[in-house]
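See structure below.
Here is how names work: the chains are called A, B, and so on, in the same order as the sequence lines, proteins then strands, and each is numbered from 1.
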Amino acid sequence: MKNTETFAESLARCGVKYHFAYPITPATDVMKRMAVILPKYGGQMMQMESELAVSSALAGAACSGTLVATSSSGPGMTLMHEAVGFMCAAELPCIMLDSMRVGPGDGDILGAQSDYYVATRGGGHGDYHVIVLAPSSGQEIADIMPHGIRLAYKYRTPVLFVVDGVSAQTTESTTLPAYNDYSAEFDTTDWAFTGTQDHPKRALITGSYSHQDGYEMNEMLRAKYERIRENEQLWESEGVEDADLVVAAFGIHGRMCKDLVAKMRADGKKVGFIRPITLWPFPDRAFEALPDSVKDILVVEMNLGQMVDDVRLAVNGRIPVHFLGKTGGDLPMYTLSDMIAEANRILEK
Amino acid sequence: MENLSAKYGKTLNLDKLTSYCPGCGHGIVTRLVAEAIEKLGVMERTVGIVGIGCGGFSHHYMDIDAIEATHGRSPSFAIGYKMAMPNNIVFTYAGDGDTCAIGLGDLLHAANKGMPITTIMVNNTVFGMTGGQMSPTTLEGQVTATTVKGRDTSTQGYPLLVPEMMRAMPGVKYLARETVATPKGVRKARKSIQKAFECQVKGLGYSFVEVIVPCPTGLKKKVKDAYDWCGNQMIDYFKPQVFKDETEQGDVA
C-alpha cells in the first residue's frame, strides 16, 4: 500500500471522523482514500476550495470536540497557518499531514524535507508550537497514529505529521490496526462548543481579548509547551554507546541510517545513529546523553540544512556538527553510498 | 432588566453594555438575531461564529456559545462546525469588510455548498473598527480614510453587490437584503433574519441576509445624518429586497 493511503487508513481506523483537504501533490492520495473510506466509519471527507478554507473548516469542526484531520504539502501548509495558529491559541486538537515537497515558492512536486523550519518554528504569528511527528515508514505511520491522537487530545493541540514526499509515495507492506476510536478516551465536555444545553455560555476568544487575558493565555501556552518539551521527546538510536561518529537524520534518511550503521560497523567503524521521531519537541536528551567517545556528528537531510540547527543547539558546542543535504530540481536526496562516503571522510579527517 | 428579559427572552444578554458606538446599526441587528433565535427556541443548540471587527463583539451580548473566527473565515468555520454538529444551529455574523473583502471566497463557496448555515452580513460601506477605510461596498464617490477624494470606480471598482452574486446558486434557499435605517426597515429586517434562521432549522440550505446599517463614527456623520444617508444614498444603491425565499417547505423541527 502507498504510504499516503496508509496515512488515510490509519486516520480512519483510529477514529478521525472528518477530513478537510485541497488537492496537492504529493498529498492528494490521502484525501482520495478518505473520500472512499470515511463514510464507512460514519464520517466524511470534504474537499474545500482552498487551504485557507480547509484549515478554517478544520478549526470549526474541532471546536465541537470531534476528531478531525487534514493532509497537504508545503505550499498548502503555508496557506493553512492562519487557522493553525488559531487552533493553537484556542487549544483545539487535530491531526495534520505535511507530505513535504521542495520549495521555496510553489517549488516542485519532488519529495523533500524542506518544511522542517516551518513545522517546528510555527508559521503563523505569535509564540506557538505544534507537536511534530516524523515517521520513517508506512508501518511507523500506522503504529504512531494512536500516539499522535492521544497527544492531540492530552495537550489539546494540533499534531503535525511530516513525511517527505518520497516516503509518502513509497509503496510497502504495512500491517494496519483494527478500528479503535482513540478520541473516545478523552472527555471533551468541559470545553467543546456544543451549545448551552449542558453548560453556561462558552466563548472562544483568541483575538480581541483584554491585554491581561492575552498575557495569561500566552503564559498558559508557555507552561503547556514546557510540559510537552519535558515529557514527549521521542527518538530511535543505535550504536551510540561507543561511537566515534553519530549520524543524525529524520524520516527517510533516518531510516537509511540503520543500513549505514550496519555496513560501517561490519567494516569495523564505530558509527551510531540518532533518528528524531518528534521534531518538536526536538529530542535534545538523545544528544545530551552522547558519550565522550563521540568526536563528530553528521546530520543528513533532504534540504539545505534545517534540523542541523537543532542538533547544534542540543550539543551546544560540545561536539562538532557536520552537514550533508540536497534538495530539489534534480534527484532529491543523497544515496546510502553518498552518506557512507561522507561519514568515512569525517572519520578519516 | 427583568422587564426587558420578559420582553426579549433569554438569548439577548441585557446585563452587558454594548461596546457599539452611539447610533451604530449593529445594536439593532444583534437584537434581531437574538430575537430570531429566541423565537425559534433554538438558543441552547445555537453557536455563533463571528468575524473580526465590530461585528466580532456581537456574541458578547447573547448567551449562546460563540467562536471568534479569523478574519473573513467564519463561513468555513461554520461549514466545519455544521458537519461535526449537524443538529446544531450555526450562524456567522460579520461586517462587510470581513465578509466580502477578505472573506469573499469563503463566503461564496459556503453559499454554493448549500449547507444549512446562516450568514448575517452587516454592511455599513466602511471598515469601522480600523478607522473608516474603504470597503468593497463603499459607494462611488464616497469619501473614506483611504478614498480621500471619493471612491473612484476607474481604479477601485464598483460597490460589491453580494446577494446579487449569490442569486444564481441553487444551494442558497433564503436570500435577502434589508436595512435598519427606518422603523419599517427594521420590521422587514426582523422578518428576513427570522426566515433565514428558520431556513436552517428546517435544514433546507444556505441562508443569507445583508443588512444595510449606518456607521456614524466611520462615516464621520452625526447619528441623525448617518441614518438619513443610510436611508437614502446607501439603500438607493443597495436596494432592500427578498431575492429568494424557498423556506415554505418542510416543518420547523
Side-chain angles (χ1 to χ4, degrees), chain A residues 16-20 22 38 43-70 79-87 89-90 92 94 124-125 188 191-209, chain B residues 10-11 13 16 19 37 42-90 92 102-110 112-113 115 117 129:
Chain A
V16 165
K17 279 281 173 300
Y18 299 101
H19 186 99
F20 301 91
Y22 184 82
L38 264 185
Q44 193 182 341
M45 192 285 292
M46 174 68 96
Q47 179 173 334
M48 301 297 285
E49 71 274 11
S50 74
E51 284 90 350
L52 274 168
V54 163
S55 57
S56 301
L58 192 71
C63 287
S64 69
T66 310
L67 184 54
V68 294
T70 186
L79 294 169
M80 282 202 211
H81 278 108
E82 180 182 76
V84 174
F86 175 95
M87 293 177 85
L92 299 174
C94 73
H125 69 124
T188 64
W191 62 265
F193 291 74
T194 53
T196 55
Q197 60 263 40
D198 54 4
H199 59 253
K201 173 191 171 95
R202 287 178 184 151
L204 185 48
I205 304 168
T206 73
S208 55
Y209 38 65
Chain B
K10 289 187 294 181
T11 307
N13 183 340
K16 281 196 174 174
S19 56
I37 294 165
V42 293
M43 172 192 167
E44 293 188 328
R45 60 183 173 110
T46 295
V47 173
I49 302 184
V50 301
I52 305 293
C54 306
F57 289 123
S58 58
H59 74 88
H60 290 297
Y61 319 124
M62 288 182 262
D63 277 333
I64 54 168
D65 273 5
I67 296 156
E68 290 184 5
T70 43
H71 202 187
R73 312 280 165 244
S74 46
S76 295
F77 273 68
I79 293 272
Y81 186 85
K82 191 73 177 182
M83 281 180 68
M85 302 291 289
N87 296 322
N88 277 16
I89 304 301
V90 55
T92 72
I102 194 168
L104 186 65
D106 295 65
L107 176 75
L108 291 180
H109 283 283
N112 195 45
K113 280 192 172 71
M115 278 174 65
I117 62 178
M129 184 176 278

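- Interface residue Met115(B): only side-chain heavy atoms are found under 4.5 Å from chain A.
- Tyr61(B) places a side-chain N or O within 3.5 Å of a backbone atom of Ser19(B) that can act as its donor or acceptor partner.
- Applying the side chain to side chain contact (heavy atoms under 4.5 Å, CB included) rule to Cys94(A) yields the partners Leu58(A), Val68(A), Met87(A), Met96(A), Pro158(A); only residues at least two apart in sequence or on another chain are considered.
- Within the 4.5 angstrom heavy-atom criterion, only side-chain atoms of Met85(B), from C-beta onward, approach chain A.
- Look at Lys201(A) and Asp63(B) and you find no salt bridge, because none of the NZ, NE, NH1 or NH2 atoms lies under 4.0 Å from a carboxylate O.
- Residue Ala69(B) touches chain A through its backbone alone, counting heavy-atom pairs closer than 4.5 Å.
- Both the backbone and the side chain of Phe193(A) have a heavy atom closer than 4.5 Å to some heavy atom of chain B.
- By the 4.0 Å N-to-carboxylate-O rule, Glu44(B) lies too far from Lys10(B) to be salt-bridged with it.
- No other option in Asp198(A), Val54(A), Thr194(A) has as many heavy-atom pairs under 4.5 Å with chain B as Thr194(A).
- Annotation: maximal heavy-atom pairing with chain B below 4.5 Å, among Ser64(A), Gly195(A), Ser55(A), occurs at Gly195(A).
- Within the 4.5 angstrom heavy-atom criterion, no atom of Lys82(B) approaches chain A.
- Contacts of Asp106(B) with chain A are made by both backbone and side-chain atoms, with heavy-atom separations under 4.5 Å.
- No more than 12 heavy atoms of other residues, nucleotides or ligands sit less than 6.0 Å from atom OH of Tyr22(A).
- Between the side chain of Arg202(A) and the backbone N or O of Ala192(A), at least one donor-acceptor pair lies under 3.5 Å.
- Among the candidates Val47(B), Asn88(B), Ile52(B), the residue making the largest number of heavy-atom pairs closer than 4.5 Å to chain A is Asn88(B).
- A distance-only check finds no donor-acceptor pair linking the side chain of Tyr18(A) to the backbone of Ala61(A) [under 3.5 Å].
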